[in-house]
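Input: a single structure, listed below in structure tokens.
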There are 2 protein chains.
Amino acid sequence: MHWQMGWISNRRGPHPHMAGVTILDVARAAGVSTSTVSNLLNGRTERMLPETRQRVESTIRKLGYRPNRAARQLRTGKPQVIGLVVPSVGNPYWGALARHVEAAALTQGFHVLLCNSERDPGRERQYVDELVSDGIRGIVLCSSLPSLEHVSSLLEDGLRLVAFDRTAQATDPVGLINVSVDNTIGAELMGEHLVSLGHRRIAFVSGAIRSINRTERFEGFLRALERAGIARQDVVTWPGSSVDSQFGDVEAAELGRVATTELLAGPNPPTAIFAVNDMTAIGVCRAVRDAGLEVGQDVSVAGFDDIVLAELYSPALTTVRQPMKEMAAAAFRALHTPQDDDGSGTSLLFRPELVVRDSTGPLAG
Amino acid sequence: MHWQMGWISNRRGPHPHMAGVTILDVARAAGVSTSTVSNLLNGRTERMLPETRQRVESTIRKLGYRPNRAARQLRTGKPQVIGLVVPSVGNPYWGALARHVEAAALTQGFHVLLCNSERDPGRERQYVDELVSDGIRGIVLCSSLPSLEHVSSLLEDGLRLVAFDRTAQATDPVGLINVSVDNTIGAELMGEHLVSLGHRRIAFVSGAIRSINRTERFEGFLRALERAGIARQDVVTWPGSSVDSQFGDVEAAELGRVATTELLAGPNPPTAIFAVNDMTAIGVCRAVRDAGLEVGQDVSVAGFDDIVLAELYSPALTTVRQPMKEMAAAAFRALHTPQDDDGSGTSLLFRPELVVRDSTGPLAG
DNA sequence: ACTCCCTGGTGTAACGATGCACTGACCATA
DNA sequence: TATGGTCAGTGCATCGTTACACCAGGGAGT
């Protein structure tokens, strides 16, 4: 009978896996049922003789058995995988996040599926839908969208969603957890730092202040200046221009450059410039130098984020550090803690740290 | 009978999925068998009335059906996922690769599992093993190991492995495909560029020349200088020091700094310095400035890779660009082309491009 | 009328793990 | 001797998809 030949030669099915030791192999070798092996694997050890447990465990090791994730997922509906959606992992900031999220996931045996939205809202939404329909129940989303209302139905269906680099908003769907640095405090620290160096005319450079992050950073910055007796209306900002739309990476630097060139050419130019992030700060530095001035000497420049670049740049950038590793770990953990229905704990704010390097210095003259 | 109640209320099983439209739902709605739907899904359309095909296709769309990846993998053994193992996605070079690999995968409906080896050979090996035993059959590996012999058994078992940023070696296991930029040509281009600027005393800075990349870059560099009549023994290199071990990211810059400081303090210092990569070049720049000299004016500095940073740095770095997007796409494609048993085509070399910016300039005086 | 082939499908046993409902053995109590 | 209660497991239906083996019905060749 040829079906029997098929059965014999094809114990592993039509497409044999490489690491083909199954739970059945373990069960047989240990002289127990697959149920017992499964029970052990899933922590139901209380119904088991320690001796049996030992035997099964050693069999698992001897055979090099590893549970098949696909089969497990098919059965449980929960894959050991989380999704990570970032604008672009080519950006050092998101690259660092991806690195630390993956490290955190690894400690719990989870894998990370990487998705680059390229700042395309449609693509971002599609990725989330796709991950969900692939059975993934936990996603770290770094959205470029101000509103996350479109995911509320997924949240209601049990998806665990962590929004990274974003603080909670009033209109947020319930169940959403936000992980972010405390932008307000960070900007306040930087404001204080610049004031303490003697600067009084300080500019804030960013794109059109629409995103939550930018708003918060601006607010914190203002707060520090007002405390130092600088009136709100005396704070220099850049009005924005045609360059200003959705920026990423290199464009952010370009924005800083354009803004600074205008600012320095104007009447009564600032002696210090606080950029909304490090990429922008780099563009600011370039413009300062292009104007024949020295960064840290003639004009102080500060950034935000503390990307790798900041330390390496020349001059090394004074900036506000986000505790990336801790934030990434918290984001991953939040994916597994059941949601608090009391509505609290939907925002995890981390304390930023002021990092003073060479791009800021005391007011000259 | 309570089992019946269970069956009724639990049509989706004990852990209901969110997007629960199955192939059976489609089959029923279209009035065909699941086999027919499956046949359509897998391109076996030749045995099918065009009319039937239309009906099934529109049903799929109407119901928003998406095949369950876990079930598909369980059956076929081949997940729609590839693995990407990089030293650290926090490094802009690898971040850029990850971004483009993911984009290439997306075009074919594949997802990318991200793994950071953190330059730990054990971790790198473990990741590969883990991916394989999870059923993944295609991996892009950016190894820190000079030899890849340990994966040969996996290759024999049908794993498709692409080694990125590495050229083929004599001892490579068969079936391994290498994707890399042509380091020799790239370095040659840079050597020519520096020579054409009038430099005669040019240093090559890297860690201990052990890795394949570094060796090739050094060779190409030498070739250009020899063609210009500069004897091999006159080429300045840095002997290496205690700082020199396995470097990554920030450490690479530090290496460049230390090396350059020594070089400039020595007798007859070089007028141009070619660093093995951009990170190192950045460290070189810092040391040049620390010595009171100006980059691009007093001393020319060149890098390799053209990471984002290079353009943003100040001065903008002259470097050798790797066509990352094309290389990433080729790496992904190589994962799916059957292996050529004739042994050819195991190395894909891409043509680099010289990018002249501000860090190099004509010999002063 | 009979075989043989072709077309356009269908039936169904797996893939590997899970976890509920069950059970046989043993002990304690009534 | 019933009765009940642990203990330490086991049996098996099930998740959604695939692909091989099969089959009905029609036409062509002999």
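Letters A, B, ... mirror the listed sequences (proteins, then strands); counts begin at 1. Remember, it's a predicted structure, so these values are computed and weren't measured experimentally.
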### Query
How would you label the contact of A/Thr52 with the nucleic acid (heavy atoms, under 4.0 Å): base, sugar-phosphate, or nothing?
sugar-phosphate
### Task
To the nearest Å, give me how far apart CG (A/Asn42) and P (D/dT10) are.
15 Å
### Query
Using a cut-off of less than 4.0 Å, is there contact between a side-chain N or O of A/Thr22 and OP1 or OP2 of C/dG16?
no
### Query
Can you find a heavy atom in the side chain of B/Arg160 that is under 4.5 Å from one in the side chain of B/Ile177?
yes
### Query
Hey, is the side chain of A/Ser35 pairing donor to acceptor with the base of C/dG19 inside 3.5 Å?
yes
### Query
Any N or O donor-acceptor pair linking the side chain of B/Arg75 to the base of D/dA19 at under 3.5 Å?
no
### Task
Rounded off to whole Å, could you give me the CG-to-C1' distance for the A/Leu74 and D/dT18 pair?
12 Å
### Task
Whole angstrom is fine here: how far is it from CZ in A/Arg47 over to P in C/dC20?
10 Å
### Query
Roughly, in whole Å, what's the span from CG in A/Leu40 to C1' in D/dT10?
15 Å
## Note on the structure
Regarding the side chain of A/Ser33, the nearest nucleotide among C/dT10, C/dA17, D/dT10 is D/dT10
### Query
Choosing from C/dG19, D/dT17, D/dA19, which nucleotide comes nearest the side chain of B/Thr76?
D/dA19
### DNA chain D: 5'-proximal contact among A/Met48 and A/Thr34 (nearest heavy atom)
A/Met48
### Message
Using whole Å, what does the distance between atom P of nucleotide C/dG16 and atom CG of B/Asn68 come to?
### Response
16 Å
### Query
How many angstroms lie between atom CZ of B/Arg75 and atom CZ of B/Arg72, to the nearest 0.5 angstrom?
13.0 Å
### Ionic contact status for A/Asp129 with B/Arg66, cut-off 4.0 Å
no
### Message
By the 4.0 Å heavy-atom rule, please label A/Val37 as base, sugar-phosphate, or nothing.
### Response
nothing
#### Entry: DNA chain D: 5'-proximal contact among B/Ala70 and B/Asn39 (nearest heavy atom)
B/Ala70
### Message
Within the structure provided, determine whether A/Thr59 and A/Val32 are in side-chain contact (heavy-atom separation under 4.5 Å).
### Response
no
### Query
Which one of A/Ser152, A/Ser153, A/Ser147 satisfies the side-chain hydrogen bond (donor to acceptor under 3.5 Å, both in side chains) criterion with A/Glu149?
A/Ser147
### Interatomic distance where CG belongs to A/Asp25 and P belongs to C/dA17 [whole Å]
9 Å
## Note on the structure
Separation of C/dT10 atom P from B/Leu49 atom CG, nearest Å, is 11 Å
### Task
Please report, rounded to the nearest Å, how far the C1' atom of D/dT17 is from the NZ atom of B/Lys78.
16 Å
